[in-house]
Amino acid sequence: MTVVKAGPEAGVTLRSYSPQDREQVLELIDADRLPGRPAVTSRMLDCALAGRCPDSGEPWGLEGLCTDVMASTEGRIVGAVSFAVRPADGVGVLLWLHCLAEDQAIAQALIDHTLGHCGRRTVYAFDLATAFSFAGLPVGRRRGTRRALEMAGFTRQEGRRYLHHRLDTLRPRPYTVADLTDSANPPGWRVRLRERDGTRIGEALVSLPVEGTAVLEWMTLRPGRHSLGHVLLEQCLAHLADRSVREVITLLDTSPDSETQHDPVGQLHLQAGFHEIDQLHTFTRRP
């Protein structure tokens, strides 16, 4: 095993992850957990270490998957990074990175380490969902990592707004014009909004809740009925609250320079009680 000295005073070392690092790495990951996301478990970490898709368990199809940690002289893990090469198109992939207190210097060292291993090729960062996070870096809450990526030549790409709603704040609402049925693929519920005569107006898909939190995957309305979006959303939330779902999160597409105040879909969710927690963006660095 090669140990690489890092840091201005060489007070830390970069080395391969070992099972003894598990608890400290879990703590680093959990410290970056967004509201509404489940607690990070050893099983989630094992899935990420093995390079498997979080839902299907199928391999990502990566080559040379590495997970390395940065440790202090006292043995404290202050950062961890996972990266690989995707043979399908030859690009490097920075899968996930977490560091103590969002320290930009630590993040920078981990990113430089990744780039050194990837060589002269395009590198994508945070563009795959892992077992413990959606795709995309939360650019507001993780400013140190964002700045380190930008200093290393990465460019922010289009992303998604991360919205969160606590249903224990929801006022009771009737749902006589919406039906809820089970969904097998993906597992969850479909909420269908209809006219009084039974004509379908719109539909929403919600994942099965994990630790009391569900994900609103998408909503769609028939042409000409978009003015009823607020009704579909309210009916969906009412169904979930009635089934003891405590929190809901959803992801809405956005661009790096978009003005969220002019986003009608985002405004619809905010008016229904959602709050924007952050924006998740992927990053790309060209050679």
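In terms of heavy-atom proximity, Ser183 sits nearest to Leu205 at OG-CD1, 3.8 Å. Heavy-atom minimum distance, Phe154 versus Ala125: CE2-CB, 3.9 Å. Residues Ile249 and His164 come closest through the heavy atom pair CG2-CD2, 3.6 Å. Nearest heavy-atom pair across Phe126 and Arg142 is CE2-NH1, 4.3 Å. Ser72 and Val12 make their closest contact through CA-CG1, 3.9 Å (heavy atoms, listed as atom of the first residue, atom of the second, distance).
Between Leu167 and Arg246 there is no side-chain heavy-atom pair separated by less than 4.5 Å. Counting heavy atoms from C-beta outward, Met219 and Thr250 have side chains that stay 4.5 Å or more apart. Counting heavy atoms from C-beta outward, Trp189 and Leu240 have side chains that approach closer than 4.5 Å. No side-chain heavy atom of Leu34 sits under 4.5 Å from any side-chain heavy atom of Phe134. Inter-residue side-chain proximity for Asp112 and Gln108 is flagged as met; some heavy-atom pair is nearer than 4.5 Å. By the 4.5 Å heavy-atom criterion applied to side chains, His98 and Phe132 are counted as neighbours.
Relative ring orientation between Phe274 and His165 is described as perpendicular, the plane-to-plane angle rising above 60° on a 0-90° scale split at 30° and 60°.
Note: the hydrophobic cluster containing Leu163 does not contain Leu251 (ILVMFWY, side chain heavy atoms under 4.5 Å, direct or indirect links). Cluster annotation: Ile277 is not connected to Leu270 through the hydrophobic network of ILVMFWY side chains, with a link wherever side-chain heavy atoms come within less than 4.5 Å. In the hydrophobic clustering of this structure, Ile29 groups with Ile111; members are Ile, Leu, Val, Met, Phe, Trp, Tyr whose side-chain heavy atoms approach within less than 4.5 Å, directly or through other members. Criterion: ILVMFWY side-chain heavy atoms under 4.5 Å apart, direct or through other members. Under it, Leu110 and Leu26 are part of a common hydrophobic cluster.
A donor-acceptor pair under 3.5 Å is absent between the side-chain atoms of Gln157 and the main chain of His281, judged by distance alone. Distance alone, capped at 3.5 Å, is enough to place a donor-acceptor pair between the Arg222 side chain and the Arg200 backbone. In this structure, the side chain of Arg285 engages the main chain of Ala152 through a donor-acceptor pair within 3.5 Å. Checking side-chain atoms of Arg160 against main-chain N and O of Ala135 turns up a donor-acceptor pair under 3.5 Å.
The environment of CZ in Arg143 is sparse: at most 12 heavy-atom neighbours from other residues, nucleotides or ligands sit within 6.0 Å.
To the nearest 0.5 Å, atom NE2 of residue His269 and atom CD of residue Gln271 are 11.0 Å apart.
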Acceptor/donor pairs from residues 61-68 side chains to any protein atom, 3.5 angstrom cut, sequence neighbours excluded:
from, atom 1, to, atom 2, distance (Å)
Thr67, OG1, Ser82, OG, 3.2
Asp68, OD2, His113, NE2, 2.7

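A salt bridge is absent between Asp46 and Arg43: the closest approach of a Lys/Arg side-chain nitrogen to an acidic carboxylate oxygen does not fall below 4.0 angstrom.
Residues passing the side chain to side chain donor-acceptor pair (under 3.5 Å) test with Ser133, sequence neighbours excluded: Thr130.
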